[in-house]
Each structure stands twice: as structure tokens, then as C-alpha cells.
Amino acid sequence: MSKSIGIRILLFIPTLFVLSICLFGLQESARGDQVASLCGIDGTVDERVYLDCIKTYNLDQAAFYISVSPQFVDAEVLRTIFPAGKKQTIEQLAYQTGDWDGTIHWMQLMDELIERDYSLQAELQVQINALRSKYWSGLSLVGFQNQLEQINHPEVDVLISQIQNLSTELTQSSPSFSDYLPQIDWNGSANRFHHWWSKAIVFEFGQSYSGRSVNALIKGAILRTLLLNLIAFTLAILLACSLVIWSSRKLNEQSRHPLDGWSSIFLAIPRFWLATVLIFLFANQARFAALGFFDIGAFTLTSSGISLIGLIKVYTLPIICLAFPITWSIYKHLRDKIKAEWKMPYVQSARAKGIPESKIIRQYVLPNSINPLLTIVGSLISRLLAGSIIIESIFAIPGLGGLLFDAFLSNDWPVLYALCFIAGVMTLSGYLLSDILYFIFDPKLRKGGMKYV
Amino acid sequence: MNTTTLIKIFGFTFILLLLGSCSKDAPEQQKEYVRNGNNVDVRIPANISSLNPATALDAYTLMVIRSIHQYLATYDLETAQMVPVLLKELASVDTTDGRTIYQMEIKEGANWDDGSPITAKDVETSLKMLFNPKGKPSPYRSYLATIDLFEIDPDNPKKFSVGISQQYVLAEEAIYSIMPVLQASKYDPDNQYANYSLIDLITNTGIDDSDEVLQALAATFESEAFSVEPAGVNGSGPYEVVEWKTGELMVLAKKTDWWGETDSPSNTWFKANPDTIRLISVTDATTAAQMFTNNSFDVAITLDSKDFKTLAENPTYTDEYNFISDVTNIQYLVYQNTKSPVLQDKRVRMGISMLFDYTSIIENIFDGLGNRTNSPVLNFKSYYAEDLPLIDFDIEGAIAQFNEAGWIDNNKDGVLEKEIDGVLTDFKLEYLVTPTPAAENIALIFQAAAKDAGVEVEIITKDRQGWYEMVGQRDFDLTMTGSGFSPGLDDFRQMFHTSANIPTGQNRMQFGNAETDALLDAIAANLDEISREEQFRTFQEILYDEQAVTWLMTPLSRVVIHDRFEHGGSNLSPNVCLGCLTLK
């Protein structure tokens with residue numbers, strides 16, 4: 001058993017590494033300017049501030065240990081071009097022409113054109129401003145040609161004609177096949193993934209776009225989510241097992257119980273709707289004073305002092321909402337399995353001996369039907385976050401679900417990816433736990449080792 | 001292991017969790033809670049995550065920062081006039097050759113909590129912290145980047161001069177109210193900033209790339225100890241943070257023996273009436289309304305407009321609460337892309353503005369909680385052009401404008417057409433929206449009206465990031481957004497100058513020409529109030545004539561305050577002056 005578990009744990013590490021690469025890839029491909037988000041700045045700041053930010057967050061480094069780029073692009077220079085829209089223009093131009101030096105020369109001429117002081121030529125300044133707008137928006141070379149043709153002023157005639165000549169030259173060139181042969185560079189540990197991974201593996205997730213440490217945000221939220229979900233899960237199992245035992249009392253006489261039909265309906269009830277109904281009925285002192293016993297908002301605990309009554313008032317409704325679908329999911333799985341087991345010879349034999357049906361179910365059938373429960377134990381851990389997102393928001397409980405929801409709304413990628421990473425670790429841990437439980441509960445697996453799992 | 005054992009284990013775990021969750025701190029917490037009395041429970045629809053003044057941007061974080069720190073001067077919450085806070089009086093201004101020197105003096109008696117006086121050195125150090133090149137770049141730096149002189153009077157440590165390299169109408173306001181004054185000895189106990197000149201830090205000259213002292217100072221300033229921990233975030237303001245549970249609750253308590261207690265009773269920044277202010281974060285609007293009906297708050301800020309309206313009509317709540325709808329500094333507007341082939345003619349843009357059913361939008365989408373407007377100037381300002389008529393919803397008028405501009409439905413297919421660059425073009429518009437109910441419903445109302453006028457409108461919905469990308473590339477004809485405007489003086493160059501027509505700039509309409517740029521530049525440099533106001537009016541007339549922006553409405557605030565408090569109102573977002581709440 002220990003060998004099998006050891007192998008599982010060893011497999012855990014490469015799986016986590018692959019998951020990290022996927023998450024980092026997502027983070028890298030997320031839309032928007034990371035520099036602007038990380039430093040709370042926009043393209044209107046000066047270049048120095050922008051470059052400071054790039055350096056602070058290692059955005060001047062390559063994305064991964066190995067970088068692959070066409071021969072005609074100098075990725076290192078490209079990363080530091082300010083602002084993001086201009087970088088896009090230059091990148092497009094380089095790919096279009098395959099001439100990196102020409103592209104950079106073109107950029108220098110364009111920069112010179114737009115950065116000159118035209119304060120005494122108002123009309124020209126307006127035209128240059130319009131040109132800059134295109135230049136910083138990732139417009140194609142053809143678009144610039146049209147824009148440049150509209151500018152006709154002695155002060156910039158020479159420069160414009162230089163740019164136009166160079167543009168014509170560039171439009172005539174295109175990358176050759178050999179230019180597309182990838183240039184593979186080894187970047188060593190000076191890459192963004194290395195910085196991210198080396199910290200993520202020890203659960204150091206850096207800084208949120210809000211300025212707070214992601215770890216501090218998670219630390220403040222994780223306990224509430226765990227408390228909520230563990231209680232909800234425990235309750236769901238107890239309730240589902242009790243309901244299954246109860247509904248299976250007369251399994252011999254009627255193979256279908258009314259709860260079987262209702263369970264499908266209950267399972268289909270959305271959590272947010274259930275939450276709204278429960279709040280309306282049981283947390284609404286104004287409308288239903290007699291029923292409105294419960295509170296909304298974890299802050300009421302802080303206000304009134306943390307007590308058992310306070311906890312019950314605040315956490316009961318969200319726990320019911322979380323436990324409700326899990327209960328019916330377990331019920332359905334268990335009930336189907338029990339029905340299948342009921343036809344087995346050992347059950348017939350027990351019944352022939354006159355053992356009461358409820359005892360047969362509790363002592364023989366239920367233990368043999370436990371497998372679906374174990375599967376759900378494994379998958380539920382990975383669902384902790386998912387289940388909490390809406391419920392925590394509705395009940396104003398600042399847990400991981402609420403944190404994820406807020407991060408999603410504000411595009412706070414560092415928090416989002418940290419939570420996804422944690423969810424990934426929890427999923428893998430859940431499946432590992434599930435495997436171990438299978439091993440403990442299933443004698444066939446104990447004898448044959450975990451290779452059957 | 002059989003099922004019974006399993007059930008026992010789960011049952012035991014359940015009980016353990018329940019028991020384990022009972023904190024040993026309960027009795028202590030119990031003592032602190034007093035729901036009534038001179039304490040205010042406030043619902044805020046946001047989570048405050050950091051109180052670093054150099055990076056704080058949202059209205060709720062700034063609301064707290066303004067309660068715990070103080071500025072040199074700032075806008076009075078009730079009168080919207082610039083008033084001195086730490087300054088004895090507003091600066092004396094000396095302008096020569098386009099260069100401006102502001103001379104200021106900090107009040108006698110303005111002290112830190114430890115009793116030490118607030119001095120010019122604190123002001124200088126605060127600015128140094130803002131501009132420390134090793135720190136996180138602050139979005140506020142650009143407002144003060146033209147400072148080229150900071151001199152402390154050798155004979156009076158409370159007196160100082162600030163020089164600005166150009167004449168700029170908002171420079172004075174920026175010096176006063178961009179950065180609160182922080183205690184130098186708290187953030188820099190070893191006085192290490194004394195070795196760096198402010199101007200060098202601003203211009204980043206003579207600063208070594210690997211300067212470890214500056215790195216350490218920046219790390220200290222940005223550390224959680226000074227941006228999150230209650231003990232570290234407090235300043236010279238009337239309140240101090242005594243408890244903070246992120247995403248849940250922040251408790252501000254009034255300081256005892258605060259220096260400003262009797263300083264300027266009429267100044268809203270010196271009003272600190274409630275003993276305790278508890279800010280409760282509830283982001284979900286339905287939950288907030290439900291909690292409100294359970295009497296969970298004394299003040300609820302920005303309730304959902306439907307909930308606000310329903311509750312305000314219910315005598316159960318109107319007997320106990322005041323429902324306040326004040327003018328806000330937000331405007332909902334529709335950008336018209338003036339460089340779009342179909343919108344290049346200003347008559348067409350005027351026609352488009354006539355196709356918005358303003359009354360229906362305000363009544364049905366915002367539940368009547370909004371005011372009409374016709375310019376970017378907030379309508380309580382003296383230079384608001386009230387003579388300009390409001391544009392009415394008028395389909396016939398819009399058709400007339402389109403026909404005049406050459407758009408006519410000759411082929412009777414229900415869509416107007418016009419020859420553009422030799423090509424017969426149908427009048428089709430792309431209307432970009434974010435997936436919010438208000439934006440989508442406004443677009444649908446407009447689409448229906450436009451169809452009647454012979455304009456085909458395609459509504460394109462993009463998430464926030466996608467919206468920014470398309471708007472940055474000016475890839476739209478029309479798009480709606482909400483925009484906040486200063487309660488003080490305006491610098492419209494950020495929105496209407498052609499230099500702001502960059503992907504991240506606010507000139508999303510691609511509006512402007514040499515004449516408007518010159519006018520905006522002149523306004524920004526004009527320190528004479530009378531002629532400046534005239535220039536503002538001229539600009540509003542041009543803007544009205546051009547219709548690059550359709551001004552939909554100004555939403556009203558939705559603040560509910562318990563009847564046991566008196567409140568004077570506030571012009572500054574989020575439209576409530578918490579310190580001004582007076583227990584009846």
C-alpha cells in the first residue's frame with residue numbers, strides 16, 4: 001500500500017508542474033496590458049514609469065526557460081517597447097517584413113516624428129496626434145501610409161519622406177522561409193515562469209492588483225470556506241445516508257420510492273435560487289418576524305462576538321445551500337447502488353434467514369455500496385471553491401469563493417491564478433485521498449494493490 | 001471499517017468543527033459591540049484591500065484615507081469649495097514668466113498623535129515617498145511631476161514653497177490634495193530621505209539603479225505594516241482604524257484628544273461626530289437590500305436603484321430612514337466615433353443624439369434616479385452652460401438631420417443610404433456595450449428608435465477587457481460608459497484634446513482640431529477665474545455643436561441614512577460625509 005501511495009505522490013509533482021505551466025500560459029495569454037494592471041497605470045504615464053514597472057515585475061525577462069522566436073525578431077528589445085499598442089505595431093511590422101533592423105529604424109523615425117515639439121504649429125500638432133493614435137494602436141503599415149500622406153508641412157517633409165521611403169522598402173520585403181526557422185534560446189532561471197513557479201510551489205503568490213499580498217488575502221478567507229464546506233459536506237453525507245436507509249426500508253415491496261423522483265428535482269434546483277428563497281423566508285425579520293431567525297453577513301459575528309448561536313445564525317443557511325445538492329447527488333448514487341446490491345444472492349440469503357430489512361441495509365448493503373461516496377469525497381474537495389463562489393457572495397461571507405468572484409470581476413489575475421493553483425492542488429489531493437479511501441474500504445483492492453484503481 | 005463507524009467519524013468531525021469554531025476571544029469581542037448610540041454602521045458595496053495613499057484609486061478607499069489622514073487643503077464636502085485643512089490658509093501664488101511659486105504654511109497646533117508638530121518636512125517626505133523611483137509607480141505621480149522646487153523656510157519649519165515649471169490651473173489643487181501628509185519620522189525613522197532631493201527623485205537623476213536605501217524605504221512604505229495593519233495605516237486625521245477584517249468589516253474609532261477637535265467647526269474635514277464608524281462590505285446588491293430591511297445598517301451607500309426606490313416608497317422604512325438622492329459627479333454618456341465614416345458629419349451625430357429616449361432611460365432603467373445634462377461640466381458648477389438646450393428624443397428631428405446630411409432611403413428598404421467615396425453605403429452602426437443590464441437595455445432602446453429612423457444598429461457585447469481593446473483601437477461607432485468628473489476645476493484636455501487620442505487616452509471620440517486644442521490649452525493655463533469661465537462656456541458650446549458625445553444623464557446618489565442621524569450631504573463620491581453625521 002505504501003508503495004502505491006508513494007507512486008501516487010510522485011506522480012503528483014509532475015502533474016502539478018504541468019498544471020502550473022498551463023496556468024502560467026493562461027496568465028501570459030490573458031488580454032490587456034499586464035504592466036498597466038500591476039502598477040495601476042495606463043499608457044498616459046511617461047516611459048520611465050512604465051519601464052520601472054516592467055523591471056519591478058520581471059516583465060523584461062523571457063516567459064519560459066526556453067524561448068522560440070523567428071530569426072527576425074529580437075524578443076528582448078520587443079518586450080521593453082512602450083506603450084503596449086506601439087509594441088504591437090512593431091511586432092506586426094517585423095512579422096510582415098522579416099526585417100528587424102529596418103523595423104527598428106522605422107520605429108526610431110516614427111518616434112522622432114511624433115516626439116518633436118510642434119507647439120507653434122497647432123494644425124500640424126493635431127495631425128501628428130492623430131498619427132500617434134494609429135501608431136500606438138497596432139495599425140498596419142498600409143494604414144500609416146494613408147495617414148502620412150495627409151501630413152504636408154515643411155517642418156516634417158524630410159522626415160515624412162524618409163519614413164515613406166522606408167515604408168515602401170519594407171512593404172516590398174517579406175520573410176524568407178529560412179527567417180521562419182525558429183531561433184531557440186535558453187534563458188536559464190532568468191524567466192518569468194521560473195520566478196512564478198519557484199514561489200507558487202511554496203504557496204507564495206506575489207501581489208494582487210489591489211496592492212495586497214495574495215497570500216494575505218487567501219489566508220484571511222480560507223478558514224471560512226473550509227469551515228463552511230466541511231460542515232456542509234459532513235451534513236450532506238449524514239443526511240443522504242439517513243435518507244437512503246429510510247427510503248430503502250421497503251425495497252422488497254416497492255423498487256421506487258417517491259424520494260427517487262423528488263431527488264432529481266431537488267438536484268436541479270440552482271443554489272443561488274435556493275439561497276435567495278432561504279434568505280427571503282428565514283433571514284427577513286421585517287417580513288417574517290417569527291421565521292427570520294437567521295443573519296446574513298459574517299460581520300455580524302464580529303459585531304456580536306463569536307458564539308455558537310452566532311455561528312448557527314450566520315452559517316446555517318449557507319451550509320444548507322451548499323449541502324442541498326450534494327445530499328441529493330449522494331442519495332441518487334447510493335440509492336442506485338443499493339438497488340443493484342439488493343438483488344445479490346447474499347441479500348436474498350440474509351432475508352431468507354429472517355434478518356430485518358433495515359438491518360440488512362445498514363450492515364451489509366450500505367457498506368458494499370459505499371464506492372460512489374468515495375468517488376464523491378475525492379471530487380468534492382475540488383468543488384469546494386466552485387460551490388462557494390455564489391453562496392459566499394450572496395451571504396456576504398468573505399471566503400475563498402467570494403475572493404474568487406471579486407477577483408474575476410476586477411480581472412485580478414494574480415489572485416485568480418493563485419486560487420486556480422490551489423484548486424488544482426486540492427483536486428489532486430482529493431483524488432489521492434479518494435484512492436486511499438478506496439484502498440481502505442475495498443478489500444479486493446487491498447489484496448490486489450492500487451493498480452486496479 | 002463499516003458504515004456505522006464511518007457515520008460516527010463524520011458525526012464526531014461535525015461536532016468538533018462546531019465546537020472548534022467557537023472562539024476563545026468571544027467575551028472580549030462582546031464588549032466592543034454597541035449597535036446603537038453614537039456609532040454608525042455603514043454598508044459599502046466594495047472590499048477595501050489596501051490603504052496605501054499612493055495607489056488608492058476607488059471612492060471607498062479614498063473615503064477611509066480622508067478620514068484617517070489629512071491633506072494640505074481639499075474640497076469641502078458640503079460646499080465643494082477648496083478649503084485649507086492642514087494649511088493656515090490657501091497658498092499665496094506668485095506667477096512669473098510662466099513659472100509659479102506657491103507659498104504655504106502649516107497651521108500652528110497641527111500635530112501628530114504622538115504630540116509632535118506637523119511640519120514642512122513631513123510634506124516633503126510624503127512627496128519623496130510618492131516619487132521614490134524604487135517604489136511601485138503611482139498613478140498620481142504625473143500630476144506633480146512638474147514640481148521643480150521645494151524649499152523649507154529655514155526660520156519656520158512649518159513654512160515652505162513649491163515651484164511648478166509651468167502655469168497650470170490644476171497645479172495648486174494637485175499640490176494640496178493628491179497626497180495626504182504622512183509622518184516622516186514614522187516611515188523614515190532614520191531620516192534617510194534627507195540624503196535625497198525631492199527634485200532628483202521626481203526626475204530620477206543621480207539615483208543609482210541599485211540604491212539599497214531607496215529600495216528599503218520603498219519596501220517599508222509599501223509594506224503591509226503601513227498599508228494594511230491597523231497600527232500602521234493611521235495618520236493625523238480624526239479617526240483611526242482599530243479593526244480590519246478584509247472583505248468583511250473595518251472599524252474606525254474617533255481619536256481622543258485629536259488636535260483638530262475645535263479647530264474649524266464649519267469645515268467638513270474637521271467634523272468627527274460619530275464615536276465609531278463601522279464599514280461593512282456587502283458587494284451583492286440583493287443581499288445588501290435584504291440586510292437593510294433587517295436593520296443591519298445605519299447608512300447604506302449605493303443601494304440598487306430598484307431596491308432604493310421600492311424601499312423609499314415603503315412607510316415602514318421611510319419612518320425610520322432618510323432616503324437621499326443627491327447629484328453625483330458621475331455622468332453616463334455615449335461616445336460617438338467622429339472618425340467613423342458614417343459619423344463624420346456633425347448633423348448625423350446630432351441626429352444620433354436625438355434617437356436616445358432620455359426620459360424612458362431615466363425612468364425605466366434608472367428608476368427615475370437621474371438628471372438630464374448637456375455637457376461634461378457638472379451642473380452645480382458656476383461655469384455650467386445652462387443656456388444650452390437639452391436634446392429631446394425626436395425621431396422625426398433625427399430623420400431630418402440625417403436627410404440634411406445626405407442620408408436618404410431612396411430604395412425604400414427601410415434603411416437610409418448615402419454615397420461615400422463613390423460607394424453607396426447603408427446607414428449601419430456598431431454599438432459596443434459591456435454586459436451590464438443598464439448598458440444593454442439602453443442599447444436596445446436606442447436600437448428600436450434607430451430602426452424607426454432608418455438606421456440599422458448592431459449591438460456588440462464585449463467583456464470589460466474586450467471593450468477596452470476595441471475602444472482603444474477605436475473599433476466602434478457608438479459606445480456607452482460612465483465617467484467620473486472632478487467636483488473642482490476641470491481640465492478637459494484629458495478627454496477632448498487630440499493628444500488624448502491614444503489607445504489608453506480618454507479622447508475615444510477622436511474629437512478635436514487645432515481650435516479646440518488651443519482653447520483647452522488656454523483654459524488649463526488661465527489662472528483668471530472670470531475669463532476662464534467664459535472659455536469653459538465657449539468650449540461647451542463647441543462640444544454641443546459637434547455632438548461627439550451624447551450626454552445621457554447624471555445618476556443620483558442612493559444613500560440611506562437612519563433617522564437618528566442628521567446629515568448635511570456631500571458632493572464628493574460616494575456622496576456621504578461620515579464624520580458629519582450628527583446624532584439627534
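Just so we're on the same page: letters track the sequence lines, and every chain starts at 1.
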A.B. asks: Working to the nearest 0.5 angstrom, can you tell me the gap between A:L131 CG and B:N501 CG?
C.D. replies: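 CG of B:N501 is found 11.0 Å from CG of A:L131.
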A.B. asks: Any side-chain heavy atom of B:E222 sitting closer than 4.5 Å to one from A:Q207?
C.D. replies: no
A.B. asks: Determine the minimum heavy-atom distance between A:I296 and B:M291, stating which atoms define it.
C.D. replies: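 Heavy atoms of A:I296 and B:M291 come nearest at O-CE, 3.3 Å.
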A.B. asks: Select, from B:D284, B:T498, B:T286, the one with the greatest count of heavy-atom pairs under 4.5 Å involving chain A.
C.D. replies: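 That would be B:T498.
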A.B. asks: Is the NZ atom of B:K339 crowded by more than 12 outside heavy atoms at less than 6.0 Å?
C.D. replies: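 Atom NZ in B:K339 is crowded, with more than 12 foreign heavy atoms closer than 6.0 Å.
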A.B. asks: Does any backbone or side-chain atom of B:E515 lie under 4.5 Å from a heavy atom of chain A? Answer side chain, backbone, both or neither.
C.D. replies: neither
A.B. asks: Which one wins on heavy-atom pair count under 4.5 Å against chain B: A:S133, A:A122, A:A216?
C.D. replies: A:S133
A.B. asks: Can you tell which part of A:L217 gets under 4.5 Å to a heavy atom of chain B, answering side chain, backbone, both or neither?
C.D. replies: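 Answer is side chain: those atoms of A:L217 sit under 4.5 Å from chain B.
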A.B. asks: Could you tell me whether the side chain of A:P398 reaches within less than 4.5 Å of the side chain of B:K245, counting heavy atoms only?
C.D. replies: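 B:K245 does not reach A:P398 side chain to side chain.
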A.B. asks: Can you tell which part of B:D517 gets under 4.5 Å to a heavy atom of chain A, answering side chain, backbone, both or neither?
C.D. replies: side chain
A.B. asks: So, does B:T287 use its side chain to make a donor-acceptor pair with the main chain of A:I394 at under 3.5 Å?
C.D. replies: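 Yes; judged by distance alone, with no hydrogens or angles, the pair exists.
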A.B. asks: For B:E229, look at atom CD and say whether over 12 heavy atoms of other residues, nucleotides or ligands are found less than 6.0 Å away.
C.D. replies: yes
A.B. asks: Tell me, do A:Q125 and B:S499 make a side-chain contact under 4.5 Å, heavy atoms counted?
C.D. replies: no
A.B. asks: About how many Å separate CZ of A:F280 and OG1 of B:T293, when rounded to the nearest 0.5 Å?
C.D. replies: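 Going from OG1 on B:T293 over to CZ on A:F280, the span is 9.5 Å.
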A.B. asks: Answer yes or no: are there more than 12 heavy-atom neighbours, outside A:Y364 itself, under 6.0 Å from its atom OH?
C.D. replies: no
A.B. asks: Just verifying a value: how many Å separate A:K219 NZ and B:T246 OG1, rounded to the nearest 0.5 Å?
C.D. replies: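 Going from NZ on A:K219 over to OG1 on B:T246, the span is 11.0 Å.
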A.B. asks: If you tally heavy-atom pairs under 4.5 Å against chain B, which of A:S137, A:G399, A:A275, A:A130 wins?
C.D. replies: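 The residue among A:S137, A:G399, A:A275, A:A130 with the greatest pair count is A:S137.
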A.B. asks: For the CD atom of B:Q290 and the OG1 atom of A:T276, what is their distance to the nearest 0.5 Å?
C.D. replies: 9.5 Å
A.B. asks: Looking at B:S50, B:A518, B:P503, which one has more heavy-atom pairs under 4.5 Å with chain A than the rest?
C.D. replies: B:P503
A.B. asks: Heavy-atom cut-off 4.5 Å, strictly under: side chain, backbone, both or neither for A:Q88 against chain B?
C.D. replies: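 Just the side chain, heavy atoms under 4.5 Å.
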A.B. asks: Quick check: are there more than 12 heavy atoms from other residues, nucleotides or ligands sitting under 6.0 Å from OH of B:Y143?
C.D. replies: no
